[in-house]
Amino acid sequence: MKKNLIASFHPASAPDFLPLEQLQALQLQRIKGMVQRAYNHVALFRKRMDNAGMEPTDVRSLDDVTKLPFTVKTDLRDTYPFGLFASPMKDIVRLHASTGTTGKPIVVAYTKEDIEVWTNVMVRSFAACGLHAGDVIQNAYGYGLFTGGLGAHYGAEALGATVIPISGGNTQRQLMVMKDFGSTAICCTPSYFLHIIEQAPELGVKLKELPLRVGVFGAEPWTESMRRRIEAESGLKAYDIYGLSEIIGPGVAMECECQAGPHIFEDWFYPEIIDLKTGKPLPDGEEGELVLTTLGKQAMPMIRYRTRDITALTSEPCECGRTLRRIQRIGRRSDDMFIIRGVNVYPSQIETALLKVEGTLPHYQIILTRDKGLDEVEVQVEVTKEVFGDTVGALEEVQRNLGHSIETLTGLRMKVRMVQPQTITRSEGKAKRVIDQRKM
Ligand code: DLL
């Protein structure tokens, strides 16, 4: 391990450094137990496996995992609210839910042991980015049914840090607390932190002069360019944390101090990458949909859950010495893609294009409309006060550069509308980047 990274070691992080054979033996042992548990206690899994002509004992090696049937988001909706629980209600100590864009939320459950696993991966997440006892962690993920708040809270407490359970929103208070309590770390969505950055000068707070040194950002896609902006403007180091309710919440994967993509906590979550169309497994390095199997979840085991998140796995060694594989930053989901004139576009491509252009602010929205059967897209982006107040020529130049940058990245000419700072609605949680008015 690199000398300057030893600080990020915590006793709970020992499994991060397991030799591959040991890790795989542990995974196999756990996966067998998980499949048996799911088969015994969850009707849907039993039916799926029966239909596939499989029994739990057919899983003899990790390669056999690819023979198991997938689980998808609609399975959680169809069995709403408690149909996938493998534990009796008396053993379930917590419920969380995630509200999708449509209809009923999906509900997830935890036993006491599940909370311990979750806490363990969150401790390891914080330790990986150099946090330790003595740090003051301002937890601005939403507390409540969303997994972000309580997930980070339990982990931060178990790490031995001081937690400020401020939850999301009330930016003025966030800044006051950050300054007066001496927060050394903040947890929130990257888009909400941008809002904090933006409000700081108005409230007379100089972020770079505060003890704040680490940001634990996730719950939504963000780009490398966004990371650079955040770091340059706030002086902290921004780390990417990944997770989803169906699997546990935050803490499925987390970046170490090398900032080279989140390491998956493979001793608790078994990852695969599959081809989006054929569902066939892809080798490390190839991009596809991330599929996860829980290795210890008692209340709600998940077998080969299709996350819809698009990424690639890498087994290239990381300088930190962790043997856990990493995922490439998740910039897109298979379901946030939109098709314009036959071309597939992801919001993250637009974000990258915008942030390349001087004079823009990292606040944008993509509006989809339909005119006489043709799909149209308009990108609205805030520009700095200076650009906005400058001559028409200057504004036109930024607009041209924006259009060009988008065309280079997507191959499409898009309508770009520059708006004044503070025009686009800010979110306290996940940002809404695409407004689809085609179905309205
Ligand atoms: O967002 C859990 C979480 C809380 C993760 C706090 C990180 C920090 P859900 O609300 O169920 O759970 O949403 C899960 O959010 O499938 C991804 O599409 C997206 N997502 C989460 N983390 C990242 C990330 C939480 N670091 C869905 N980068 C996932 C990109 C992310 N997308």
Side-chain angles (χ1 to χ4, degrees), residues 71-73 76-77 95-101 104-110 118 121-122 124-126 128-129 137-156 167-168 185-193 214-224 226-227 230 238-256 259-265 269 271 289-292 294 300 302 305-312 326-337 346-348 351-352 427-434:
T71 311
V72 292
K73 196 169 207 125
L76 283 105
R77 296 235 163 83
L95 297 175
H96 279 283
S98 119
T99 30
T101 38
K104 291 261 166 80
I106 55 153
V107 181
V108 294
Y110 304 77
W118 194 9
V121 289
M122 280 308 300
R124 290 158 66 185
S125 298
F126 287 132
C129 65
I137 302 183
Q138 182 161 340
N139 185 14
Y141 281 121
Y143 280 65
L145 286 178
F146 176 55
T147 53
L150 284 176
H153 183 104
Y154 273 53
S167 197
I186 177 134
C187 307
C188 61
T189 57
S191 58
Y192 185 56
F193 190 65
V214 167
V216 181
F217 300 132
E220 65 183 6
W222 55 309
T223 56
E224 202 49 44
M226 186 72 97
R227 166 163 28 215
I230 289 178
Y239 296 94
D240 192 11
I241 184 164
Y242 169 76
L244 62 164
S245 318
E246 297 89 316
I247 297 301
I248 204 148
V252 171
M254 173 66 188
E255 274 188 329
C256 66
Q259 295 181 305
H263 289 274
I264 296 209
F265 294 110
F269 315 108
E289 179 177 349
L290 177 66
V291 170
L292 291 165
T294 55
M300 209 169 141
M302 272 295 149
Y305 183 70
R306 291 188 64 155
T307 63
R308 304 190 199 190
D309 292 322
I310 299 173
T311 182
R326 283 168 290 144
I327 45 172
Q328 197 181 75
R329 166 194 284 290
I330 292 178
R332 56 202 178 105
R333 288 176 58 81
S334 58
D335 50 7
D336 68 11
M337 182 188 86
Y346 289 94
S348 56
E351 180 172 305
T352 306
S427 155
E428 293 168 0
K430 299 178 191 252
K432 192 161 173 48
R433 300 294 189 198
V434 182

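As the structure is a computational prediction, the values presented were derived from the model and not from experiment. As the structure lists them, so they are numbered: ligands from 1, and atoms in each ligand from 1.
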Heavy-atom distance to atom 2 (C) of ligand 1: which of A152, G243, G151 wins? G243

Which atoms from ligand 1 have a heavy atom of I330 less than 4.0 Å away? 28 (N), 30 (C)

Contact (N/O only, under 3.5 Å) between I241 and ligand 1: yes

Starting from atom 16 (O) of ligand 1, locate the nearest protein heavy atom and write down its residue, its atom name and how far away it is, to 0.1 Å. D309 OD2, 2.7 Å

Would you say K430 touches ligand 1, if touching means a heavy atom closer than 4.0 Å? yes

Side chains of I330 and T307: closer than 4.5 Å at any heavy-atom pair? no

Hey, could you give me the CD1/CZ distance between I137 and F126, rounded to the nearest 0.5 Å? 4.5 Å

Pair E289, S334 - check side chain to side chain donor-acceptor pair (under 3.5 Å), show working. CA-CA 8 Å; E289 179 177 349; S334 58; 4.9 Å; no

Below 4.0 angstrom from a heavy atom of R333, which ligand 1 atoms are there? Numbered from 1 as shown, please. 16 (O), 17 (C), 18 (O), 29 (C)

Does only the side chain of D240 get under 4.0 Å from ligand 1, or the backbone, or both, or neither? Count heavy atoms. side chain

Give the residue, atom name and distance (to 0.1 Å) of the protein heavy atom nearest atom 28 (N) of ligand 1. E220 O, 3.3 Å

Identify, by atom number and element, the atoms of ligand 1 in contact range of G218, meaning under 4.0 Å from any of its heavy atoms. 7 (C), 8 (C), 26 (N)

Within ligand 1, which atoms have a heavy atom of G148 less than 4.0 Å away? 4 (C), 6 (C)

for atom 11 (O) of ligand 1, nearest protein heavy atom and its distance come out as S245 OG, 2.5 Å

Around atom 19 (C) of ligand 1, find the nearest protein heavy atom and jot down its residue, atom name and distance. A219 O, 3.8 Å

If you compare all heavy atoms of M254 against all heavy atoms of A128, which two are closest, and at what distance to 0.1 Å? CG-CB, 4.4 Å

If the plane angle is over 60° it's perpendicular, under 30° parallel, otherwise tilted; pick one for H96 and W118. perpendicular

Of L150, T147, I241, which meets side chain to side chain contact (heavy atoms under 4.5 Å, CB included) against Y141? I241

Which heavy-atom pair separates S191 from G429 by the least distance, and what is that distance? OG-O, 3.5 Å

Does Y242 reach the side chain of E255, with side-chain heavy atoms less than 4.5 Å apart? no

